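Computed from a predicted model, the values in this text were never measured in an experiment. Values below: every heavy atom of this structure, side chains too, minus hydrogens, waters and symmetry copies.
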Amino acid sequence: MTDEIIYSGTGTADSNSIPDNPESSALISAILSSDNIINEELYLFRQWAFICECAIRHIHNMDTFATGSRIDCSSSPSSDDDQMIQMKDTEVTCEEDFKVNQAGNVMITITKDSPPGYTLLRIHKLSDDLQRHETKSCLESCIQSDGAFYLSSDRYLRYVMNLIAGMDKYSPLSFHAGESLRHGPCVMLNYGDHGMDSDMGIALRCSAWPKESIEWISRKRKSNWPDEILIEKIKKMPCHVLPVGHPSSENCHQEWRFAFVLPERELIWNFNDVQIQCFVIFKTLKKEILDKISTDEINSFHLKTILFWLSEEIIHWDEVNLIDNVKKCLSFLNKSIQERHLSHYFFKSRNLFAEKLKDEPVRTRLSSEILNIQKNVLQCFLNCKWRYKYENGYLLTLRILLQEQRQSNFLDIGRTVLQITNWKFRRNKNTHARSLSMEVIMGIMFLQTNVDSLIKVAEEVADQLKDTLMGTFALKFLSIRVGMLCLVEAKRTADKDARQHFVSEAKCFFVTGFEPDDLAATMYLLSYHYQARNYKVIGKFITDLLCKRIAIPYKGTPGLVTCGNRTLLSPDMDETVTEKDMENDVAFDVIFSSMDISCVPPAIQYECALLEGRCNWSFCSINPLVYVCYVQFQVAFNQKELEQQRYAVEHLKKMVLYVENGEENFIRLPVELHRHYNILGYCYCLMNDQTNAIKWFVKSLEACPTVGNAAVYQLCIAIYSSGYLFSNLK
């Protein structure tokens, strides 16, 4: 049976329906908890977001904030990658809070003629630095009205869209977005080849909350949620204005909308287990059932808003009340649909349904479907096929067993699922923290950067997350990257003493970075020894590694690609190794950037040389076992050991095929396999075996037909060296 259970409609309850009683509610809560839909997971997302935002701020001088389903446990394979960009050097204030000495671009809110939750921005002053994009965007977005200058939201967003599109022209072809589109207050980039969109909300920071929102701080709450500590924390967070006006306003193209992105995110991160599970079930029912009636009327923000309001009212958020609380959310939604009114959580007078649900037949159908769902919430949820981006083995198994054993008791099947000890379902916390920390660090730090910037990131991460797994592993990955940059500096430095200092520093950083991944992490130290020509050290390491019969869980390049189909790696390529032989470790790809070209072995230099500009992505990923086999060959070649070269190239070939031919991994496409073929082709070139070299370069181009593929250039060299062209000209 497939892992996607076909939804069969809500229908009505029958004799085999699963009862929505407290016992069933507690069981489905336990199933979702086993699949890590819990507050502990939200805590990891908080750390993930902190590291990401910290790295972008120090490395790229941008203030960004992760938002959306990526950080709230509700992400699906088709979810967008959402973020908010806070424009620098620009602040929004009201006349009462204006400070004469405010620097940069200063805007004054004018709310009297705008609908609730919206405002005009009157330009009070602009920065003296007219060459900065932050100031240019304001200059080009000015509109004069009644003797004053206002900032047009429409013009402002158009300027930023053009700016982002201009930057994207220099993105690599392998990660080039399609046309940038406007999506409300966001710039949407479509990465079709990667099956994802990226919504970038453009925001200006407000120096204070609007007056109407101040009531949230002292609002009477039946449940004492959020508590006083959380309220004190949130009220210090800024709100923002986004470049989108009210659709029915005559000033729509000039207006800006107040947004409380950071306070709302903080509230979600403070949900308990049952609250976040309630949201996930609520969102699943909406996406799977209600979206079939209308996809545009109700969105995830509406659901979060409902959950916020009900969290102030509902006292008991525990497992036995989970399904009952989902029903309360559905009732709240149904009432809001019928009345066409849903108050914004922080700005009560703003009606989120003001321009929605105008079609009465649609409202009637939605209301009717909600009533049907409420008859048997749990059954409807388990009929859904919507899958999450992260592991949900327990829930998926439960759904499959319920389909196969229709006459069996739900409670009996559920309890059986909870007792499953299959290693695939029990997530290793260390491995998960390693993968998340590498994912967030890797995609940022392998762009153009320097040691000082990475040190600033490391200091802030150490200060805020020093006692967490995510923080610990992020610091390890940063240490490895700093080590590589030290090697680069050593290559650039003419002074002998300074060069030796950088080399020593590099080794120390590599040793510090071992812990996140004892397989790939050692590859960077291997690169160090290769540059130092410590061939005996390399030989001993390779011999010890390649004779190991162990199974190491393989995660590829977390968040992006897997180099092949293997989920387990065995250094001795034994196909019989299983999870029983598993070592308590994890393997990632070896990753190099364009900056590393001077301190990597020759075959990798070809890959690094094409990483800049538009030819390819900003880093290349190599399977660690392929890399170690290649280094084994390169050392033999450098030492002119012909017999060892023949052995090493055959061993490399077997490893490339071993990595390629593993069990199918459906999570990510193996888009980087062509680099393995290029490395093997390069080795054949060095051995003057141009026939095999050409064969592997052609295979590489078949796997990745782009000018960013180094095989284009290596193939030309191989053909020229073989004399093929000249023999055909005679």
Novice: Please walk me through it: do Phe301 and His344 pass ring-ring contact (aromatic ring centres under 6.0 Å, His included)?
Specialist: CA-CA 10 Å; Phe301 182 70; His344 190 284; 5.8 Å; yes
Novice: Under a 3.5 Å cutoff, is there a donor and acceptor pairing between the side chains of Thr67 and Gln83?
Specialist: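 No pair is found: no donor N or O on one side chain lies under 3.5 Å from an acceptor on the other.
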Novice: Under the side chain to side chain contact (heavy atoms under 4.5 Å, CB included) criterion, do Val488 and Asp596 qualify, and how do the steps go?
Specialist: CA-CA 6 Å; Val488 172; Asp596 303 330; 4.0 Å; yes
Novice: Check this for me: does any side-chain nitrogen of one of Glu489 and Arg499 sit under 4.0 Å from a carboxylate oxygen of the other?
Specialist: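 Salt bridge: no.
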Novice: Decide if atom NE2 of His183 counts as having more than 12 heavy atoms of other residues, nucleotides or ligands within a radius under 6.0 Å.
Specialist: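 No, the 6.0 Å shell around NE2 holds no more than 12 heavy atoms from other groups.
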Novice: Could you tell me whether the side chains of Arg481 and Ser593 share a donor-acceptor contact shorter than 3.5 Å?
Specialist: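 The criterion, which ignores hydrogens and geometry beyond distance, is satisfied for Ser593 and Arg481.
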Novice: Ignoring hydrogens, what is the shortest heavy-atom contact between Gly245 and Tyr118? Give both atom names and the distance.
Specialist: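 For Gly245 and Tyr118, the tightest heavy-atom pair comes out as C-CE2, 3.4 Å.
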Novice: Can Ser69 and Asp72 be counted as having a side-chain donor-acceptor contact under 3.5 angstrom?
Specialist: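 No, Asp72 and Ser69 have no side-chain donor paired with an acceptor closer than 3.5 Å.
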Novice: Can a donor-acceptor pair be found, under 3.5 Å and without considering hydrogens, that links the side chain of Asn251 to the backbone of Gln254?
Specialist: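 It does not hold such a pair.
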Novice: Does Asp495, at its CG atom, have more than 12 non-hydrogen atoms belonging to other residues, nucleotides or ligands within less than 6.0 Å?
Specialist: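 It does: Asp495 CG has more than 12 such atoms within range.
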Novice: Would you kindly say whether His246 and Glu255 are connected by a side-chain donor-acceptor distance under 3.5 Å?
Specialist: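 No pair is found: no donor N or O on one side chain lies under 3.5 Å from an acceptor on the other.
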Novice: Please determine if Arg350 and Glu212 form a salt bridge, counting it only when a charged side-chain N lies under 4.0 Å from a carboxylate O.
Specialist: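 Looking at Glu212 together with Arg350, the answer is no, because their closest N to O distance does not fall below 4.0 Å.
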Novice: Is Lys88 paired with Glu134 through a side-chain N to carboxylate O contact shorter than 4.0 Å?
Specialist: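 No, no charged N to carboxylate O under 4.0 Å.
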Novice: Quick one: salt bridge (Lys or Arg N to Asp or Glu O under 4.0 Å) partners of Lys136, sequence neighbours excluded?
Specialist: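 Applying salt bridge (Lys or Arg N to Asp or Glu O under 4.0 Å) to Lys136 gives none.
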Novice: Residues in side-chain hydrogen bond (donor to acceptor under 3.5 Å, both in side chains) with Lys356, at least two apart?
Specialist: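 Not a single residue meets the side-chain hydrogen bond (donor to acceptor under 3.5 Å, both in side chains) criterion with Lys356.
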Novice: Quick one: does Lys348's side chain get under 4.5 Å of Trp216's, heavy atoms only?
Specialist: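 They are not in contact (no side-chain heavy atoms under 4.5 Å apart), so the answer is no.
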Novice: So does Ile229 have more than 12 non-hydrogen atoms from other groups sitting under 6.0 Å from CD1?
Specialist: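 Not buried by this count: 12 neighbours or fewer within 6.0 Å.
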Novice: Apply the test side chain to side chain contact (heavy atoms under 4.5 Å, CB included) to residues Glu264 and Lys304: give CA-CA distance (whole Å), side-chain angles for both, the deciding distance (0.1 Å), then the verdict.
Specialist: CA-CA 9 Å; Glu264 288 160 358; Lys304 289 178 184 178; over 6 Å; no
Novice: Does the ring centre of His240 sit less than 6.0 Å away from the ring centre of Phe258?
Specialist: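 Distance test on ring centres: not under 6.0 Å, no.
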Novice: Could you check Phe308 against Phe271 for side chain to side chain contact (heavy atoms under 4.5 Å, CB included), going step by step and ending with a plain yes or no?
Specialist: CA-CA 10 Å; Phe308 289 155; Phe271 277 170; 3.7 Å; yes
Novice: Got Asn105 and Glu91 here, is their nearest side-chain heavy-atom distance under 4.5 Å?
Specialist: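 Result no, sub-4.5 Å side-chain heavy-atom pair not found.
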Novice: Would you say the side chains of Asp589 and Thr557 form a donor-acceptor pair under 3.5 Å?
Specialist: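 Indeed, the side chains of Asp589 and Thr557 share at least one donor-acceptor pair under 3.5 Å.
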Novice: Would you check, one step at a time, whether the test side chain to side chain contact (heavy atoms under 4.5 Å, CB included) holds for Arg70 with Asp82?
Specialist: CA-CA 7 Å; Arg70 179 65 180 83; Asp82 299 335; over 6 Å; no
Novice: Does the cation-pi check pass for Arg219 over Tyr345, that is, NZ or CZ under 6.0 Å from the six-membered ring centre and within 45° of its axis?
Specialist: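 Yes, a cation-pi geometry holds between Arg219 and Tyr345.
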Novice: Around His253, counting heavy atoms of other residues, nucleotides and ligands shown, do more than 12 lie under 6.0 Å from its NE2?
Specialist: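 Incorrect, the count does not exceed 12.
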Novice: Under a 3.5 Å threshold, yes or no: a donor from one side chain and an acceptor from the other, between Thr93 and Ser207?
Specialist: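 The answer is yes; a qualifying pair exists.
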Novice: Taking the ring of Trp209 and the ring of Phe260, is the distance between their centroids below 6.0 Å?
Specialist: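 Yes; Trp209 has its ring centre under 6.0 Å from that of Phe260.
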